[in-house]
Undergrad: 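Sharing a structure here in structure tokens format.
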Amino acid sequence: MSTVRSDTRSGNQRGAERWSAALMNNFGVPPVELVSGHGAIVVDADGREYLDLLGGIAVNALGHAHPAVVQAVSTQVARLGHVSNFFSHPTVLDLAERLLGLAGAAGDGRVIFCNSGAEANEAAFKIARLTGRPRIIATHGGFHGRTMGALALTGQPAKQEPFAPMVPGVEFIPFGDAQALSSAVDDTVAAVFLEPIQGEAGVIPAPDGYLAHARAVTTAAGALLVLDEVQTGIGRTGTWFAHQRVGIRPDIITLAKGLGGGMPIGAAIGLGRAADLLQPGQHGSTFAGNPVCAAAALAVIDTIERERLLDHAATLGKHLSGAIEDLGHPLIDRVRGEGLLLGVVLQRPVSAVAASVARDAGFIVNAPTPDVIRLAPPLVLTTEQADSFVAALPTILETAAKDA
Ligand SMILES: Cc1ncc(COP(=O)(O)O)c(C=O)c1O
């Protein structure tokens, strides 16, 4: 008589096996399968809870399953889910007007919607080409996405090389070097692309005065200043957009990630003359400006306002970075970043191991570079939740240093 053996694999193991069989191998096989979430907590396929300090990489601004997003998406999809760009839609108009207001561009700007950060930068790239000037300036270490145009703007050779040749015309300068900007930008430059804080390069803030200098130099040369706020925008750093802290006005702001609170939506906001360069037929996307995603984005913006999450992000970010530095731990060099986009810089290149030890301890973080742990939690993270991570961090780091 044959016996039927029960499946002894955990839910996470089953998920990993199915992943490696069915999905292309571009991310590696995730060790954990997440099945639900609430606030800053996510739950895996084995019922284990984690404190999500990464927020889907700066996406889940309101955490998981926030009632405002659930309600907005459910209501909109039950009414009208998709209309194409042949038709107007009130929710999409509301969102465009709202974004212009937040960017200080009401009456002097226009929005083009898309579905991701890479596409927002593709749109900005195409708008820049329409100036008729041949050169684009971007920065070493910068990250703007993985599509061919966005990749061409991404100053990380290892990501570009397998896909060469790149879209031509892009030149790279060191990030944060004002002199290099002055030397590179003249009247042959269409646009300068910058992140206010380089996120994927390890949460590296622009030095004081750098963005203002970039504004002055591009204005003098008649070039566009494109600020990629895909990671820093929508409240993450304590202001709607990170550049607002330094009081400059870019020509184009690119957005995605936190904008939809988990729904896929991106946008490029053109201010002044950059708003008028695209002409009918020059760009588009079937799903762009989808009413369901737009409804989610409006719910995100309303909730950030109603729950005063800009102030919360600024205050909690200071508290969190201060508390981590106050640990005085020998493996921690410093914490950099702004609001709730923080990089814990380590004395040793053990961040990847630390991220996996942290996960085993119930905390989701990631390692954008070998010596940086990135925190980009939901803006609804509580002080108690932040403190629970700080309390666990010394053991996480010591275990990582032993295991590395
Ligand atoms: C600054 C920045 N720009 C663009 C992107 C690309 O966004 P997406 O992955 O939505 O295409 C990212 C993603 O990490 C980013 O951090």
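Everything quoted here is computed from the prediction, not taken from an experiment. Note that ligands are numbered from 1 as they come in the structure, with each ligand's atoms numbered from 1 the same way. We use all heavy atoms of the structure for the numbers below, so side chains are in, but hydrogens, waters and symmetry mates are not.
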Undergrad: Tell me which residues fall inside the under-4.0 Å heavy-atom shell around ligand 1.
TA: Ser116, Gly117, Ala118, Asn121, Phe143, His144, Gly145, Glu195, Glu200, Asp228, Val230, Gln231, Lys257
Undergrad: Please report the interatomic distance CG(Asp177) to OG1(Thr139), rounded to the nearest 0.5 Å.
TA: 11.0 Å
Undergrad: Return yes if a side-chain donor-acceptor contact under 3.5 Å exists between Arg245 and Thr239, otherwise no.
TA: no
Undergrad: Ignoring hydrogens and angles, tell me if any N or O in the side chain of Asp251 forms a donor-acceptor pair with the backbone of Leu225 under 3.5 Å.
TA: yes
Undergrad: Would you tell me whether Glu119 and Thr147 have side-chain atoms, one donor and one acceptor, within less than 3.5 Å of each other?
TA: no
Undergrad: When you look at CZ of Arg306, are more than 12 heavy atoms from neighbouring residues, nucleotides or ligands closer to it than 6.0 Å?
TA: yes
Undergrad: Could you pull out all residues at least two apart from Phe175 that satisfy ring-ring contact (aromatic ring centres under 6.0 Å, His included)?
TA: Tyr210
